[in-house]
Amino acid sequence: MQNMRHYVIMAVLVVVVAVLTYSGLNSLGLMPVAASAQALPIDWLFDLQVKAMAFFFAVVIVPLAYSLIVFRRRDGDTSEGEHIEGNTPLELTWTAIPLVIVIAMGYIGASNLAQIRAVDPQAAQIKVTGFQWGWRFEYPQGFTSNTLYLPADQQVVLQMESLDVLHSFWVPEFRLKQDLVPGRITEYRITPTRVGDYKVRCAEICGTSHAYMEAPVKVVSRADYDIWVADQTAQAQAAAAASAGQPDAGRGRTLYEESGCKACHSLDGSKGVGPTWKGLFEESVALADGTSVTADEAYLIESIKMPGAKTVEGYPPNAMPSFTYLKDGQVADLVAFIKTLK
Amino acid sequence: MNRSPGSFSRAVLFLFVGLLAGLGLGILLHTLTSGVFNATYFADIPSWMLGFLLGTLGFFYGLLGYFGVVRGLIFQVLGTLLGAGLVSAVRALLKTSFFDLATFGLTEPAWVFGGLVGAVAFLAGVGALSDWWKWARGEETHDHHEDIPGWRKYFGVSLDHKVIGIQYTFTSLLLLSVGGLFALIFRTELAKSGLDIISLNFYNTLMSLHGMVMIVSILVGIAGVINYLVPLLIGAQDMAFPRLNAFSYWVAVPAAVLLLASLGLGGFDTGWTGYPPLASRAPVGIQMFYLGVWVAGWSSILGALNLIVTVLRMRAKGMTAFRMPIFVWASLATSIISLTATQLIGLSFQMSMFQRLFGMPFFDAAKGGNPVLFQHLFWFYSHPAVYVFVLPGLGIISELLPVFVRKPLFGYRWVALSSIGIALVGFLVWAHHMFTSGMNEYLRVPFMYSTLLVAVPTGVKFFSWVATLYKGKITTPVPMLFVLGGIVVFLMGGLSGPPNATVSTDLHLHDTYFIVGHFHDTMFGGYIFPFFAALYYWFPKATGKRLNETLGKWHFWLMTPSFLILTLFMMRVGLLGMRRRIADYDPALGFDPWHLAMTIAAFGIALAVLIFFYNIYKTLKSDQMATGNIWNSRSPEWQVPSPMPAHNYDHEFEVVGEPYDYGLPGSTYVKM
């Protein structure tokens with residue numbers, strides 16, 4: 001009878017504590033705003049897990065706290081506790097029930113995964129390149145951007161590639177995360193649903209400036225997206241045509257900033273991962289093999305197109321990724337830009 | 001200060017002399033190599049590291065004279081220079097590299113080989129190899145070394161498992177302080193957004209070293225508790241292989257020196273996981289990190305081997321498997337993992353070292369290697385390793401609860417077997433660290449199931465603990481407070497686990513502060529809290545003096561809320577978008593106040609630990625003795641006076657009852 005009273009009180013408290021814990025956690029707003037179709041099943045599953053957490057928290061904490069209060073040793077009491085060695089049916093119960101829950105959770109988790117991996121055959125493709133420390137997005141229409149524009153309510157597959165080390169593509173509002181692995185293409189399938197400005201942040205440590213490897217992500221309406229794509233395509237064609245005729249240092253500076261050159265090559269003479277570009281043109285450059293070379297146009301073009309051909313003394317070999325996607329006109333723009341850096 | 005050629009004041013003097021000499025030497029070398037003197041050299045990390053090395057050496061020399069660890073460290077420095085010089089000389093002869101004044105000819109291969117030779121030289125210098133060397137020459141050795149009396153024996157080679165246990169524990173607390181100090185430095189940097197006090201590379205180095213120094217600290221701490229206790233609990237005179245035991249301890253010391261040496265060689269920016277290809281581009285510091293872990297691995301593997309043999313072969317009469325103290329079960333489970341999985345982290349690090357040294361492209365995709373392979377090898381150890389860290393801690397919880405509840409451990413057999421269950425399931429879950437890595441997509445599902453399965457044996461432990469408390473006569477002296485704190489904190493770690501195990505939710509949580517919070521909860525609940533419980537509980541056994549209760553309560557009541565604030569806030573910002581391993585964060589995210597609170601909480605933990613150290617100092621200085629069975633325990637080590645006699649029990653005892661039959665009148669566990 002005494003036992004029954006303890007059990008009833010504890011059971012009531014477990015329910016109360018579980019409900020309070022869950023509603024307390026829930027009222028905090030645990031997750032950032034949901035901006036993709038994939039976020040919905042993930043948030044649903046996370047909510048289910050928070051419920052389970054609240055319940056099991058109560059199941060352990062309530063009898064623990066209850067025992068500490070009710071069964072604490074009173075002053076002057078020198079007797080021992082009740083001699084209870086165990087209870088096999090009880091042990092079997094609290095082995096079997098969690099086992100069933102775990103298997104159910106696994107099943108729900110697997111079907112949840114299938115839901116967020118659902119493939120839309122009409123999905124648009126965008127190529128994502130990660131490098132130390134920046135992102136570049138190549139659109140099938142033939143232009144590149146440093147901001148990831150995405151149309152709302154359409155599935156997009158990002159074909160992701162890394163130029164150097166591991167990176168990870170994460171937009172918290174989309175919920176999903178996928179590593180970029182050198183030497184292979186990984187896939188990130190997302191259906192943005194909420195128009196707005198977000199940021200992709202690298203989630204896999206990628207070196208000293210890992211914290212700053214971010215790029216803006218803009219989810220826009222279908223109409224705005226089409227306008228932006230047409231605009232970018234026209235600009236890219238105009239730039240390519242212009243470069244083919246006359247190299248231009250201004251376009252070179254833009255390329256320097258947007259293609260990732262600036263991550264390693266400074267303009268102020270300071271030593272980065274790669275040599276500075278300041279005063280580089282026509283200078284004599286000491287190479288790792290003990291020879292030296294004059295930094296003329298031919299050397300600069302070779303260094304951009306085949307970075308591994310020559311290694312400057314004091315720098316690691318093969319550190320620079322290849323930039324084969326740059327057109328000859330764009331390489332000329334970069335060289336023109338380097339020439340201006342006296 | 002008996003029979004010591006040194007004194008504490010001399011040690012402090014020599015500490016400063018060494019520090020200044022090292023710093024001066026570093027600045028001098030810098031000036032010589034660059035040709036000009038520059039005031040910024042005073043902030044130069046390698047010079048400071050040289051200063052710390054010589055300062056530490058000076059301190060121990062002042063304390064001990066040319067003895068034990070001092071001789072080891074001197075040998076390590078000389079061995080490193082010898083090994084490095086040898087490689088440099090060979091390379092100069094082969095003309096693969098020319099003598100470069102800027103590095104004194106010390107290229108990466110020279111440092112790595114030097115580091116390895118230095119570690120072996122340390123072992124020779126400290127005397128951990130002497131007996132084997134004598135055997136090889138056909139000389140006799142004493143089976144039982146008579147230790148020199150007093151505290152000096154703790155700084156030289158001893159074969160007594162109790163001395164080795166205390167050496168391990170002391171080293172663990174030292175490394176805990178170093179790792180904690182690193183955390184405080186970068187936690188201060190994180191207090192507000194923007195990069196204010198340290199450079200990006202230094203941040204990354206400290207953050208990476210915090211991880212690995214703490215891991216080594218935990219491994220060493222566990223080994224300390226196991227070494228001290230298990231022979232006492234099972235009624236053995238010593239561990240099965242006393243010389244191997246001493247070797248296992250001493251090999252961890254040069255390993256820790258190597259780890260810290262990475263700071264002086266450019267640091268590294270990879271995190272404690274050391275993933276290539278980033279590791280292939282990191283400064284030379286990464287090699288010292290790899291080598292340090294590789295050497296420390298020997299300590300784990302050989303220590304585990306020794307423990308397993310000891311438990312299997314040296315138990316007292318009547319101690320059947322299910323009459324072993326529960327901590328012995330936990331030690332056995334943890335040692336099975338250490339013995340069989342540690343090789344994999346050694347292998348993965350060794351392959352990455354060879355990729356850098358010899359151009360073997362194991363993980364270089366451009367040459368046909370596979371960067372994801374490293375992660376599989378790495379996590380095959382590094383996931384089970386977390387069970388190595390927590391199983392002994394959970395064992396301590398199960399061991400102490402009955403004493404303070406005055407009731408048998410509920411479901412003893414279930415608790416014992418759940419440790420083995422966790423150890424075995426732990427081998428099947430490693431790839432849950434790689435759900436975003438680009439590994440085979442469908443293989444993620446079986447790893448999700450296996451990971452969730454860990455919840456079942458862990459649940460058995462929780463429910464059994466709670467059932468043990470029910471209807472007890474509970475008292476809460478300091479060790480019991482830490483036991484209860486451990487249960488609550490480990491519960492937080494356990495409950496925040498399943499969302500990381502489930503693939504789709506993990507895709508959001510992976511590599512965020514949520515994981516950092518979850519992980520620290522499991523480590524504190526599963527190791528730090530029980531470790532402190534064990535220290536408070538068995539300190540009287542080792543020293544004959546009881547730690548101050550009031551100070552202990554301050555320690556507990558300051559550390560616990562600080563820690564809960566720290567990790568709950570970590571999880572909070574992690575869910576909202578805070579990535580892990582970043583030196584700076586976007587102020588637009590609004591995390592500044594949360595981080596400020598976390599930094600303050602971190603300092604709260606540090607203050608609590610300082611109180612603990614002060615408590616140890618004060619207790620050791622006091623004359624108040626506590627030689628009896630102060631906790632009224634049934635366990636055999638408390639049936640003899642404290643501190644424990646040098647050769648443990650006078651007579652072998654016999655097990656005549658169940659270990660935890662509190663409340664059963666007239667029963668005892670052992671007959672002395």
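Lettering of chains follows the sequences in order, A, B, ..., and the numbering in each one begins at 1. Just so it is clear, the structure is predicted and the values come from calculations on it, not from any experiment.
- For the pair B:E108 and B:R356, the salt-bridge criterion is met [side-chain N within less than 4.0 Å of a carboxylate O].
- Counting heavy-atom pairs closer than 4.5 Å to chain A, the top-ranked of the candidates B:G459, B:A583, B:G438, B:S437 is B:S437.
- Heavy atoms of A:L90 lying under 4.5 Å from chain B belong exclusively to its side chain.
- Only the side chain of B:P371 comes within contact range of chain A, judged by heavy atoms closer than 4.5 Å.
- Per-residue heavy-atom pair counts under 4.5 Å with chain A were compared for B:G494, B:G472, B:A588, and the maximum is reached by B:G472.
- Residue with the most contacts toward chain B among A:A52, A:A110, A:S168: A:A110 (heavy-atom pairs, distance under 4.5 Å).
- Neither the backbone nor the side chain of B:P402 comes within contact range of chain A, judged by heavy atoms closer than 4.5 Å.
- Electrostatic pairing of A:E173 and A:R175 does not count as a salt bridge here, judged by no charged N lying under 4.0 Å from a carboxylate O.
- Contact tally against chain A (heavy-atom pairs below 4.5 Å) for B:S418, B:S504, B:S199, B:A282: the top residue is B:S504.
- Ranked by heavy-atom pairs under 4.5 Å with chain B, the first of A:D43, A:T88, A:L64, A:T186 is A:L64.
- For the pair B:D269 and B:S208, the minimum side-chain heavy-atom distance is 4.5 Å or more.
- Taking chain A as the reference chain and counting heavy-atom pairs below 4.5 Å, the highest number among B:P276, B:A279, B:P457, B:S464 is found for B:S464.
- Electrostatic pairing of A:E214 and B:R579 counts as a salt bridge here, judged by a charged N lying under 4.0 Å from a carboxylate O.
- Interface summary for chain A: among B:I582, B:V405, B:L575, B:V460, the most heavy-atom pairs under 4.5 angstrom belong to B:L575.
- With a 4.5 angstrom heavy-atom cutoff, A:R117 touches chain B only via side-chain atoms.
- Interface remark: A:Y107 contributes backbone and side-chain atoms alike to the contact with chain B (heavy atom separation under 4.5 Å).
- Looking at B:R580, the atoms closer than 4.5 Å to chain A (heavy atoms on both sides) all sit in the backbone: N, CA, C or O.
- Ring centroids of B:H433 and B:F447 are separated by 6.0 Å or more, keeping the two rings apart.
- Looking at A:W94, both its backbone and its side chain come within 4.5 Å of chain B, counting heavy atoms on both sides.
- Between chain B and the residues A:R72, A:E91, A:E82, A:Q178, the most heavy-atom pairs under 4.5 angstrom are made by A:E91.
- Taking A:S79 as the reference, A:D77, B:K473 meet the side chain to side chain contact (heavy atoms under 4.5 Å, CB included) condition, with sequence neighbours excluded.
- The distance between the ring centers of B:F462 and B:W465 falls below 6.0 angstrom.
- For B:L568, no part lies near chain A; criterion is any non-hydrogen pair under 4.5 Å.
- Chain A forms the most heavy-atom pairs under 4.5 Å with one residue out of B:T451, B:D506, B:V503, and that residue is B:V503.
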